[in-house]
Amino acid sequence: MTEGLSPSRQVEILREGAVQLIEEGELLDRLERASREGRPLRVKLGADPTAPDIHLGHAVVLRKLRQFQDLGHQVYFVVGDFTGRIGDPSGRSDTRPLLTEEQVRANARTYERQIHKILDPERTRVVFNHDWLGRLSFAGVVQLAAKYTVARMLERDDYSRRFKAGVPVYIHEFLYPLAQAYDSVHLRVDVEIGGSDQTFNFLATREIMRDYGLEPQIVLTLPLLEGLDGVEKMSKSLGNHVGIADRPQEVYGRLMSIPDPLIPRYFELCTGAGPDQVAAMVQAMARGDLNPRDAKARLAAEVVRLYHGDEAAREAAEEFDAVFRRGDLPSEVPDYRLDPAELEGGRVGLARLLALTGLAASASEARRLLAQGGVRVDGGVVAGEGTKVRPRDGMLLRVGKRKAVRLRLGTCTIRDD
RNA sequence: GGAGAGGUACCCAAGUGGCCAAAGGGGGCAGACUGUAAAUCUGUUGGCUGACGCCUUCGGAGGUUCAAAUCCUCCCCUCUCCA
């Protein structure tokens with residue numbers, strides 16, 4: 001706990017690692033007043049309820065929020081159950097799936113469970129913006145929309161780029177920043193925090209808050225973490241993410257797959273490593289004293305430790321070395337229970353079997369894998385596309401290094417589903 | 001309302017009657033190599049089949065033709081300019 005620090009010291013802590021802080025002076029001023037009045041600052045983070053898996057990109061922001069909490073401030077975690085239906089205009093997503101009430105609630109619970117790996121539950125309030133946006137009348141919407149101009153809206157890079165490129169921009173997308181702004185109006189937010197891609201929305205919110213006669217929120221943006229591909233920002237829909245609630249082995253393995261140039265970046269944004277430590281490591285790698293592979297292993301272990309503890313980190317590292325350096329079997333090999341009806345004369349086409357077990361998406365794909373030597377049965381590579389095998393209990397099927405299934409042949413096959 | 005351009009596989013994009021299950025790139029997957037699931041190189045990338053081959057797919061529905069992503073009709077959607 002770092003509660004009770006002087007406002008100027010708080011500013012120092014809070015601005016560290018930020019892309020932008022608008023305005024630093026305002027923050028200091030607000031902290032001073034709050035401290036005099038003995039109240040915490042109200043800090044807002046908005047979240048889209050469509051993909052409730054929190055990944056390392058979100059964690060960058062959440063860890064900053066945690067700092068706010070440790071300084072004694074109050075977090076409002078706004079679940080965008082209303083705005084989520086408008087459709088997030090950033091990025092490629094065309095139309096968002098409409099979520100049902102239950103889905104939203106379920107996703108919100110998933111969120112809560114995960115954010116508390118990082119946030120302090122005592123100082124976190126989870127709220128739903130449908131509660132106030134859903135009550136806004138059309139007249140209220142018009143009033144809100146009258147507070148911002150088309151020209152200013154088009155300043156947003158995302159809109160103007162799509163507009164110039166001839167990609168459709170729908171009118172309701174303009175409502176997205178406005179709705180987000182109204183969240184801040186409703187909650188009388190002191191500080192809003194988010195990824196640097198949110199800068200436009202946050203700044204628009206400041207103006208709109210002023211228009212409603214409120215003090216504009218202070219804006220704090222943080223770097224966007226690149227995904228595992230090193231190109232796009234991390235996001236679940238792009239599949240380049242590492243979820244903080246993913247299995248430790250998965251977290252470890254996925255971090256081992258980042259391209260080398262990304263190593264310092266990940267250390268900086270995903271671990272507690274300070275700039276000095278990172279710089280030292282970069283130098284060591286440049287000198288050849290530190291193998292990038294080992295740096296990555298350190299990164300992976302550190303991140304796993306952060307969210308799953310020491311033991312999980314050790315185990316994940318061990319498993320990774322076993323599977324990928326020594327080519328051993330993964331520790332958890334799922335069983336597949338083969339239906340005897342698939343057998344013909346005690347045998348079954350290997351391609352068919354691979355498709356059944358899920359090791360290949362289809363029998364055609366299985367044939368391709370076979371042709372490429374990517375399939376092993378009980379340790380031996382099988383090449384022939386049309387190969388038939390005589391399955392036996394405990395037979396081990398492997399595709400590539402990562403996927404394996406153990407065959408089970410029950411004598412009794414009572415199926416009640 | 002008028003004029004024009006477009007809609008192709010997971011994504012971008014070529015293809016304007018048969019040689020098209022559809023070029024190329026990205027992404028994915030597999031193999032080689034390695035220091036790792038990095039980088040690089042190679043292969044592969046609709047489904048069914050041991051195989052010959054068959055079936056489904058180029059916005060949607062019909063039609064012409066021995067043969068349609070490609071031609072015709074209607075419809076839906078997007079963009080640009082004009083009003």
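Everything quoted here is computed from the prediction, not taken from an experiment. Just so it is clear: chains get the letters A, B, ... in the order the sequence lines come, proteins before strands, and each one is counted from 1. Computation of the quantities below employed the complete heavy-atom set of this structure, encompassing side-chain atoms and omitting hydrogens, waters and symmetry-equivalent molecules.
For G26(B), the base has no donor-acceptor partner in the side chain of Asp229(A) [N/O atoms by modelled type, under 3.5 angstrom].
Distance, Tyr252(A) OH to A37(B) C1': 12 Å, rounded to whole Å. Between Lys403(A) atom NZ and G31(B) atom C1' there is a gap of 13 Å when expressed in whole angstrom units. For the pair Leu370(A) CG and G43(B) C1', the computed distance is 15 Å after rounding to whole Å. When the P atom of A38(B) is taken as reference, atom CG of Leu299(A) falls 15 Å away, rounded to whole Å.
The separation of A69(B) from U16(B), taken at their P atoms, amounts to 13 Å, rounded to a whole angstrom. For the C1' atoms, the distance linking C48(B) with A38(B) amounts to 38 Å, nearest Å. If you take atom P in U78(B) and the same atom in A68(B), they sit 31 Å apart, rounded to whole Å.
Nucleotides of RNA chain B nearest to Val169(A) and Leu369(A) differ in position, and the one nearer the 5' end is that of Leu369(A). If you find the closest nucleotide of RNA chain B to Gln372(A) and to Pro259(A), the one lying nearer the 5' end belongs to Pro259(A).
Annotation: Glu342(A), atom CD; neighbour count of heavy atoms from other residues, nucleotides and ligands within 6.0 Å is above 12. When the shell of 6.0 Å around CZ of Arg247(A) is examined, it contains more than 12 heavy atoms from other residues, nucleotides or ligands.
Centroid-to-centroid, the aromatic rings of Phe163(A) and Tyr159(A) stay 6.0 Å apart or farther.
Nucleic acid contact class of Gly400(A) (heavy atoms, under 4.0 Å, all strands): sugar-phosphate only. Within 4.0 Å (heavy atoms only), Tyr170(A) reaches sugar-phosphate atoms of the nucleic acid but no base atom. Here Arg325(A) lies in heavy-atom contact (under 4.0 Å) with sugar-phosphate atoms only.
When each of Tyr212(A), Trp132(A), Phe128(A), Tyr76(A) is paired with His186(A), the ring-ring contact (aromatic ring centres under 6.0 Å, His included) condition holds for Trp132(A) and for no other.
When both distances must be under 3.5 Å, the Watson-Crick or G-U wobble mate of C52(B) does not exist. Under the Watson-Crick and G-U wobble criteria, each requiring two contacts below 3.5 Å, nucleotide A69(B) is left unpaired. Across all strands shown, G1(B) pairs with C82(B); the Watson-Crick or G-U wobble distances both stay below 3.5 Å. The pairing partner recorded for G17(B) is none, the criterion being a Watson-Crick or G-U wobble arrangement whose two distances lie under 3.5 angstrom. Summarising the base pairing, A32(B) is matched to U40(B) through a Watson-Crick or G-U wobble pair whose two defining distances lie under 3.5 Å. Shown here, G6(B) forms a base pair with C77(B); the pair counts as Watson-Crick or G-U wobble because both key distances fall under 3.5 Å.
Within the structure, a side-chain polar atom (N or O) of Ser364(A) is placed less than 4.0 Å from OP1 or OP2 of C48(B). The side chain of Lys296(A) places no N or O atom within less than 4.0 Å of a non-bridging phosphate oxygen (OP1 or OP2) of A38(B). Phosphate proximity of G47(B) to Arg368(A): present, with a side-chain N or O under 4.0 Å from OP1 or OP2. Look at Ser362(A) and you'll find a side-chain N or O under 4.0 angstrom from OP1 or OP2 of C48(B).
Side chains of Lys233(A) and Asp197(A) form a contact here, defined as non-hydrogen atoms less than 4.5 Å apart.
The nucleotide whose nearest atom lies closest to any side-chain atom of Pro168(A) is, among U78(B), A37(B), A38(B), U78(B). Among the nucleotides A37(B), U49(B), U80(B), the one closest to any side-chain atom of Phe320(A) is A37(B).
With salt bridges taken as basic N to acidic carboxylate O contacts below 4.0 Å, none links Asp131(A) and Arg135(A).
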